[in-house]
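Read the structure below first, then the notes.
If you're wondering where the values come from, they're calculated on a predicted model, not measured in any experiment.
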Amino acid sequence: MLTLPELDARLRTFLVENYQQRAHSETGVPPQARWEVGGFLPRLPESLEELDLLLLTVAKPRRVHPDGIHFQGYRYLDLTLAAYVGEDVVVRYDPRDMAELRVYFGDAFLCRAINPELAGETVALKDIIRARNQRRRELRTTLTERAATVEALLQLRRGSPPDPEQLPLVPPLEPAANFAAPARPRLKRYYNE
């Protein structure tokens with residue numbers, strides 16, 4: 001099984017060293033030679049920001065808040081954003097690196113907003129999503145266990161024995177020597193709650 005960087009390296013090697021140098025079946029000329037003979041030069045963007053605009057295709061609209069841009073649960077900051085609080089902007093990002101967003105106002109490049117928590121690291125969007133899903137599963141399990149505990153305690157309070165299947169796996173408490181009846185709750189509870 002190949003990793004993504006290994007696949008990128010092999011694909012690049014195939015395209016640059018093999019495919020582009022081999023004679024094409026239709027034209028009889030290697031694609032690289034045909035490209036160079038034609039004399040065609042593509043129109044290049046005027047700046048790196050315009051190149052990013054073309055290459056970073058993942059674009060999302062966002063609003064600038066006083067504390068920066070909120071995106072994927074993170075906060076992105078840049079001093080330039082202070083003048084655009086309340087404005088709608090478009091953020092473009094590389095899904096393989098969530099440490100930086102490129103911010104565009106209209107069609108013009110505005111700034112690069114950095115997340116201080118991720119600065120200096122490369123964190124992929126899929127890693128963020130995976131971590132969030134794992135945390136959701138953990139929270140869902142915790143909530144299910146706590147709901148079972150509350151239901152068992154309510155059944156005990158009502159005087160009926162709890163269903164053994166619904167009881168959480170908690171060690172039993174030692175009986176107290178001076179066991180008194182529980183105090184009545186101060187908040188009135190209704191049957192349908």
If a pair satisfies salt bridge (Lys or Arg N to Asp or Glu O under 4.0 Å) and one of its residues is in residues 58-74, list it, with sequence neighbours excluded. Arg63-Asp88

Give me the atom names and distance for the closest heavy-atom approach of Ala113 to Leu81. CB-CD1, 4.2 Å

Nearest 0.5 Å, please: how far is CG in Leu11 from CD in Glu6? 13.5 Å

Treat each ILVMFWY residue as a node, draw an edge where side-chain heavy atoms are under 4.5 Å apart, and state whether Val64 and Ile114 are in one component. no

d(Glu151 CD, Leu156 CG) to nearest 0.5 Å is 10.5 Å

Donor-acceptor pair, distance only, cut-off 3.5 Å: does the side chain of Glu100 make one with the backbone of Tyr93? no

Considering only heavy atoms from C-beta outward, does the side chain of His65 approach that of His70 to under 4.5 Å? yes

Heavy-atom pair with the smallest gap, counting every atom of Gln20 and Pro30: O-CB, 3.5 Å

Nearest heavy atoms of His24 and Glu26, plus distance in Å: ND1-N, 3.1 Å

How about Arg158 and Gln155: does a side-chain donor come under 3.5 Å of a side-chain acceptor? no

Given side chains that start at C-beta, do those of Asn115 and Leu101 come closer than 4.5 Å, heavy atoms only? no

Side chain proximity check, Thr141 to Glu145, heavy atoms < 4.5 angstrom: yes

First locate atom CZ of Arg102, then atom OH of Tyr76, and finally report the distance between them rounded to the nearest 0.5 Å. 12.0 Å

Closest heavy-atom pair, Val89 versus Phe105, reported as atoms and distance to 0.1 Å, is CG1-CD1, 4.0 Å

Can you list every salt bridge (Lys or Arg N to Asp or Glu O under 4.0 Å) pair that touches residues 10-20, not counting sequence neighbours? none

Taking every heavy atom of Ala23 against every heavy atom of Gly28, the minimum-distance pair comes out as CB-O, 3.8 Å

Spell out, yes or no, whether Tyr84 and Ile69 are grouped together once hydrophobic residues are joined by side-chain heavy atoms under 4.5 Å, including indirect joins. yes

Heavy-atom side-chain proximity of Asp78 to Val103 below 4.5 angstrom: no

CD (Glu46) with more than 12 external heavy atoms under 6.0 Å: no

Specify the closest pair of heavy atoms between Gly68 and Leu77, including all atoms of both residues, with the distance to one decimal. CA-CD2, 4.0 Å

Once you measure the plane-to-plane angle for Tyr104 and Phe109, does it fall in the parallel (<30°), tilted (30-60°) or perpendicular (>60°) bin? perpendicular

Please check if the number of heavy atoms outside Leu79 that lie under 6.0 Å from its CG is greater than 12. no

Taken to the nearest 0.5 Å, the spacing of Arg112 CZ from Thr80 OG1 works out to 12.0 Å

Report yes or no: do Tyr74 and Val91 belong to one cluster of Ile/Leu/Val/Met/Phe/Trp/Tyr joined by side chain heavy-atom distances under 4.5 Å? yes

